[in-house]
Visitor: 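I'd like to ask some things about the structure below.
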Amino acid sequence: MSEIVVVYELDQPAAGHAAPAGAPATPGEPGAARVPRRVHAAPAAPGRSGAAGPRTLCGKDTFAMEKARRMSAEEPVTPWYPPEYAAQVCPECAAVMEI
C-alpha cells in the first residue's frame, strides 16, 4: 500500500473545551476546538507526499476533513492513527488498514 494520510472528520466547534494535543484548532475562536468525530485513513495524493487524496479508504470525501499531525519517526508504526483518538477510528478504514 502507498503512503497513508490520517484525516479528521470534524464536529462543530466546541467553545471552552480543551482539545487533545494535535487536535485541529478553530482559527479566530480562542478556546474553541474542532473535535474529531471520526478518524479516517486516506491514500496520499499522487505526487504530493503528506497530502490526502480525494477519498478516504471507506469512500468519504476528504475535502472538508483536516489532516492529522504527522507522527514522528520515533513513534511506533502501529497504530496508524493518533492513540488519543482510538475511540473515534472509522471501523471501515481500520478494516482496510488491517489487510
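This is a predicted model, so every value here is computed, not measured. If you read the sequence from its start, that first residue is 1, and numbering goes on from there.
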Visitor: Can you tell me how far the CD atom of E66 sits from the CG atom of L10, to the nearest 0.5 Å?
Guide: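 Rounded to the nearest 0.5 Å, the CD-CG separation comes out at 5.0 Å.
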
Visitor: Can you run down the side-chain hydrogen bond (donor to acceptor under 3.5 Å, both in side chains) pairs that involve residues 42-64, sequence neighbours left out, and say none if there aren't any?
Guide: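 Every pair satisfying side-chain hydrogen bond (donor to acceptor under 3.5 Å, both in side chains) with a residue in residues 42-64: E3-S49.
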
Visitor: Would you confirm whether K67, through its side chain, and A51, through its main-chain N or O, come within 3.5 Å as a donor-acceptor pair?
Guide: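 Flag not set: sc K67 to bb A51 has no pair under 3.5 Å.
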
Visitor: Would you please test L57 and M97 for side-chain contact (heavy atoms from CB on, under 4.5 Å) and show each step?
Guide: CA-CA 8 Å; L57 296 179; M97 290 297 292; 3.6 Å; yes

Visitor: Does M65 sit in a hydrophobic cluster with other residues, and if so which ones, taking ILVMFWY side chains as linked at heavy-atom separations under 4.5 Å, directly or through other members?
Guide: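 M65 shares its hydrophobic cluster with V5, V7.
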
Visitor: Are side-chain heavy atoms of Y85 and V6 found at a separation under 4.5 Å?
Guide: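 SC-SC contact between Y85 and V6 ruled out.
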
Visitor: Indicate the atoms forming the closest heavy-atom contact of P82 with Y8, along with that distance.
Guide: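 What the structure gives for the nearest pair is CG-OH, 3.5 Å.
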
Visitor: Output all residues satisfying side chain to side chain donor-acceptor pair (under 3.5 Å) with Q88, sequence neighbours left out; order by chain, then residue number.
Guide: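 If we apply the side chain to side chain donor-acceptor pair (under 3.5 Å) test to Q88, skipping adjacent residues, there are no hits.
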
Visitor: Tell me the salt bridge (Lys or Arg N to Asp or Glu O under 4.0 Å) pairs involving residues 36-47, sequence neighbours left out?
Guide: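 Passing the test, one end in residues 36-47: E9-R37, D11-R37.
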
Visitor: Can you confirm whether Y81 sits close enough to P36 that some side-chain heavy atom of one is under 4.5 Å from a side-chain heavy atom of the other?
Guide: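 The answer is no; the side chains never approach within 4.5 Å.
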
Visitor: Atom NE2 in H40, atom SG in C90: separation rounded to 0.5 Å?
Guide: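 The SG atom of C90 is 5.0 Å from NE2 of H40, to the nearest 0.5 Å.
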
